[in-house]
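Quick notes on the structure that follows.
Order of the sequence lines sets the chain letters (A, B, ...), proteins ahead of strands, with each chain counted from 1.
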2 protein chains.
Amino acid sequence: MGVPLYQAKAELFKTLGHPARIRILELLSERDHAVHELLEQIEIEPSNLSQQLAVLRRTSMVSSHRVGSEVVYSVSIPEVRDLLLAARTILSGLIAVQGELGTELASTPS
Amino acid sequence: MGVPLYQAKAELFKTLGHPARIRILELLSERDHAVHELLEQIEIEPSNLSQQLAVLRRTSMVSSHRVGSEVVYSVSIPEVRDLLLAARTILSGLIAVQGELGTELASTPS
DNA sequence: ACACAACTTGCAAACTTCTTCAACTCGTGT
DNA sequence: ACACGAGTTGAAGAAGTTTGCAAGTTGTGT
């Protein structure tokens, strides 16, 4: 007997409910990245990034392997992309209706 | 200038990151419900339900209108359904791999 | 063997979210 | 006008999350 499904869903969404984790997943869904490459793109302390990566690892959303002195991360659930895209669609809808943040959406690719 | 997109996404997911709110959205995406109907389906104190509904209202995910003495809620962003479905798909994948919670998924409809 | 870069871990302080209680509003029926 | 059912609101304590610091690994080059 496991956790009820609605609770598992809530936990999945909770995992996505953090700006740094969203950025990590967006970067990783383009291609694999080493931690220091993520660090260049995301404004955050190394230890904080590590913590956020740990959260994503715990929920099996990403996996890591060592390559020499680097640790490379990849998305292990490709469907996460769908979730991010659906979110984007909803946000464009909201923005169209409420009229805010318009240019942001039009110009950035993800 | 508005909030960066990745932050808006994080907030959207954060809103979904609560079991009661997931259940509310699942029930409302079947059909509109009055608050006391939701209360019958979800094990939660009335005031707590009200708080969770308020969170969903603030983010424009649901809207409410009075009908006599009842307050009826409906989903105002139909695409939320896609998000819930995508979550379900991901969860089945995870469960298939990690072998847990299997029967739960097979038998319940949402 | 040593220094250095690349990460991770443990932990405490700051902050946010959740839950419940008591008090309140608003409509319906009497 | 009154009582009652249906919901909402405010506030406060408990619980959970986030952040950054200092300390610890592990691999590479010298």
Side-chain angles (χ1 to χ4, degrees), chain A residues 3-4 6-25 27-28 31-76, chain B residues 3-4 6-25 27-28 31-76:
Chain A
V3 169
Y6 59 83
Q7 198 170 322
K9 276 186 203 166
E11 255 145 48
L12 173 58
F13 287 125
K14 213 180 278 174
T15 303
L16 295 171
H18 188 289
R21 294 197 293 265
I22 293 287
R23 299 222 52 205
I24 292 168
L25 290 170
L27 290 167
L28 293 185
R31 61 168 180 82
D32 294 3
H33 282 72
V35 176
H36 70 270
E37 293 176 314
L38 294 173
L39 216 37
E40 273 162 25
Q41 306 294 314
I42 307 175
E43 277 242 327
I44 198 182
E45 297 271 310
S47 68
N48 193 351
L49 178 56
S50 235
Q51 298 280 0
Q52 304 311 329
L53 287 169
V55 171
L56 293 172
R57 252 186 289 125
R58 252 176 257 134
T59 56
S60 311
M61 283 191 166
V62 305
S63 60
S64 64
H65 62 280
R66 235 198 156 92
V67 177
S69 63
E70 303 182 337
V71 176
V72 174
Y73 277 82
S74 16
V75 171
S76 38
Chain B
V3 168
Y6 60 83
Q7 198 171 324
K9 276 186 203 166
E11 254 144 50
L12 174 58
F13 287 125
K14 213 180 278 175
T15 303
L16 295 171
H18 189 289
R21 294 197 291 266
I22 293 288
R23 300 223 52 205
I24 292 168
L25 290 170
L27 290 167
L28 293 185
R31 61 169 179 80
D32 293 3
H33 283 71
V35 175
H36 69 271
E37 293 176 315
L38 294 172
L39 216 37
E40 273 161 25
Q41 306 294 314
I42 306 174
E43 277 241 328
I44 201 183
E45 298 268 311
S47 67
N48 194 351
L49 178 56
S50 235
Q51 298 280 2
Q52 305 310 330
L53 287 169
V55 172
L56 294 172
R57 252 186 289 124
R58 252 177 257 135
T59 57
S60 311
M61 285 192 165
V62 304
S63 60
S64 64
H65 62 280
R66 235 199 158 91
V67 177
S69 63
E70 303 182 338
V71 176
V72 174
Y73 276 83
S74 16
V75 172
S76 39

Does a nitrogen or oxygen in the side chain of H36(B) sit under 4.0 Å from OP1 or OP2 of dG5(D)?
no
Rounded off to whole Å, could you give me the CD-to-C1' distance for the E40(A) and dC7(C) pair?
15 Å
Just checking A34(B): base, sugar-phosphate only, or nothing, at a heavy-atom cut-off of under 4.0 Å?
sugar-phosphate
Ignoring hydrogens and geometry, is there a side-chain-to-backbone donor-acceptor pair from R23(A) to E43(A) under 3.5 Å?
no
Mark yes or no for whether R21(B), through its side chain, and L56(B), through its backbone, hold a donor-acceptor pair below 3.5 Å.
no
What is the distance from CZ of F13(B) to P of dT17(C), rounded to the nearest Å?
17 Å
OP1 or OP2 of dT8(D) versus the side-chain N and O atoms of Y73(B): is any pair under 4.0 Å?
yes
Whole-Å distance separating the CG atom of L49(B) from the P atom of dC18(C):
14 Å
Length of the line joining R58(B):CZ and dT16(C):P, which is rounded to integer Å
14 Å
From CD1 of I42(A) over to C1' of dC7(C), roughly how many Å is that when rounded to an integer?
15 Å
Looking only at atom types and distance, does a side-chain atom of S76(A) sit under 3.5 Å from a main-chain N or O of S60(A), one as donor and one as acceptor?
yes
Return a single string for nucleotides 17-30 of chain D, one symbol per nucleotide in 5' to 3' order, where B is base contact, S is sugar-phosphate-only contact and - is none, cutoff 4.0 angstrom on heavy atoms.
-SSBB----BSS--
Examine distances only and state if a side-chain atom of E70(B) and a backbone atom of V67(B) form a donor-acceptor pair shorter than 3.5 Å.
no
With a 3.5 Å distance limit and no angle check, can you tell me whether E37(B) reaches the backbone of A34(B) through a side-chain donor-acceptor pair?
yes
Between atom CD in E11(A) and atom C1' in dT17(C), what is the gap in whole Å?
15 Å
Smallest separation among heavy atoms of Y73(B) and L28(B), with atom names:
O-CD2, 3.4 Å
Rounded to whole angstrom units, what separation is found between the CG atom of L56(B) and the P atom of dG7(D)?
16 Å
